[in-house]
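Structure first, then comments.
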Amino acid sequence: MSHRSLLVVAPLLAALGACSSAPQADVRAVFAVDGTRLETGLPPYESGKRHLAAGRSALAVEAFRMAVAAERTPRTLNGLAAAWDQLGRFDLADALYGEALAMAPNDPQTLNNMGWSQLVRGEAGRARDTLSLAARAAP
């Protein structure tokens with residue numbers, strides 16, 4: 001690895017390390033590998049939603065982790081689960097969906113996301129059942 005590469009990687013690692021430490025009011029100083037600044041200036045949950053929508057799943061995970069650390073609710077757990085889904089970590093997503101449903105058994109957003117996760121994995125029967133529960137919870 002050249003010295004130039006180290007100059008690029010070191011700030012990235014420092015920025016990512018700062019994100020995974022204690023919960024913060026917003027996400028700051030996060031950079032993509034290509035150097036693009038990804039600062040949103042939003043609370044972690046909102047930042048996670050923005051990163052997730054933009055396809056920046058790993059950054060969404062970090063933002064949602066901070067949101068969960070600050071407030072462990074079905075909404076924040078669901079966001080983190082959706083981010084893990086996008087990264088193909090269905091084991092982690094399932095555990096979070098399960099925890100969210102234990103807190104709010106008929107939460108339509110969690111049921112809907114869980115159903116789509118099952119569909120993506122090719123579990124059509126389970127997905128149909130879960131999505132039917134979501135539709136009954138919020139027609």
Side-chain angles (χ1 to χ4, degrees):
M1 185 177 276
S2 72
H3 291 311
R4 180 180 158 99
S5 296
L6 288 175
L7 291 174
V8 172
V9 173
L12 174 62
L13 293 175
L16 291 176
C19 287
S20 62
S21 61
Q24 300 170 3
D26 57 16
V27 177
R28 297 182 188 270
V30 177
F31 294 83
V33 174
D34 67 357
T36 306
R37 190 167 179 86
L38 300 174
E39 183 175 357
T40 64
L42 297 172
Y45 179 79
E46 295 302 320
S47 179
K49 285 178 24 179
R50 290 259 177 107
H51 288 309
L52 198 60
R56 298 184 297 258
S57 306
L59 292 171
V61 164
E62 288 305 314
F64 284 128
R65 278 183 175 167
M66 289 191 301
V68 167
E71 174 186 35
R72 197 170 197 92
T73 64
R75 178 181 78 132
T76 60
L77 293 167
N78 192 30
L80 182 54
W84 281 124
D85 268 337
Q86 279 194 356
L87 289 169
R89 288 301 311 266
F90 303 120
D91 56 329
L92 298 174
D94 283 346
L96 292 161
Y97 288 135
E99 187 178 343
L101 288 173
M103 292 177 179
N106 295 313
D107 179 53
Q109 186 67 49
T110 302
L111 289 167
N112 186 65
N113 285 0
M114 188 174 178
W116 281 106
S117 175
Q118 293 163 343
L119 191 61
V120 166
R121 294 181 242 178
E123 299 172 358
R126 284 182 66 199
R128 182 182 58 245
D129 294 344
T130 304
L131 291 169
S132 292
L133 290 171
R136 281 196 296 266

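Just so it is clear, the values below take in all heavy atoms, side chains as well, and ignore hydrogens, waters and symmetry mates. Each residue takes its place number in the sequence, starting with 1.
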State plainly whether one hydrophobic cluster holds both [X] and [Y], where clusters connect Ile, Leu, Val, Met, Phe, Trp and Tyr through side-chain heavy atoms under 4.5 angstrom apart.
X: Leu52; Y: Leu77; value: yes
X: Leu133; Y: Met114; value: yes
X: Met103; Y: Leu96; value: yes
X: Leu92; Y: Val68; value: yes

Spatial distance of atom [atom1] ([X]) from atom [atom2] ([Y]) [nearest 0.5 Å]:
X: Asp94; Y: Trp84; atom1: CG; atom2: CH2; value: 13.5 Å
X: Asp85; Y: Ser57; atom1: CG; atom2: OG; value: 10.0 Å
X: Ser117; Y: Glu123; atom1: OG; atom2: CD; value: 7.5 Å
X: Glu99; Y: Thr73; atom1: CD; atom2: OG1; value: 10.0 Å

Any side-chain to backbone donor/acceptor pair from Thr76 onto Glu71? Under 3.5 Å, distance only.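 It does hold such a pair.
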Only one of Arg56, Gln86, Glu46 forms a side-chain hydrogen bond (donor to acceptor under 3.5 Å, both in side chains) with His51, so which one is it?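 The side-chain hydrogen bond (donor to acceptor under 3.5 Å, both in side chains) with His51 is passed solely by Arg56 among Arg56, Gln86, Glu46.
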Take Leu131 and Leu111 through the side chain to side chain contact (heavy atoms under 4.5 Å, CB included) test and state the conclusion after the steps. CA-CA 6 Å; Leu131 291 169; Leu111 289 167; over 6 Å; no
Over all heavy atoms of both residues, which pair between Pro44 and Ala67 is shortest? Give the atoms and the distance, please.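 Shortest heavy-atom separation between Pro44 and Ala67 comes out as CB-N, 3.7 Å.
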Can you see which heavy atom on Ala134 is nearest to which on Pro108, and at what distance?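 Heavy atoms of Ala134 and Pro108 come nearest at CB-O, 3.8 Å.
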Residue pairs involving residues 53-76 (criterion ring-ring contact (aromatic ring centres under 6.0 Å, His included); sequence neighbours excluded):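 Output for this query lists Tyr45-Phe64.
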Non-hydrogen side-chain atoms of Thr130 and Trp116 separated by less than 4.5 Å: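 A side-chain contact is absent here, since even the closest heavy-atom pair is not under 4.5 Å.
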Do Val61 and Leu80 have side chains that get closer than 4.5 Å, going by heavy atoms?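 Counting from C-beta outward, Val61 and Leu80 do come under 4.5 Å.
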When you check the side-chain N and O atoms of Arg136 and Ser132, is any donor under 3.5 Å from an acceptor?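 Note: Arg136 and Ser132 side chains miss the donor-acceptor criterion.
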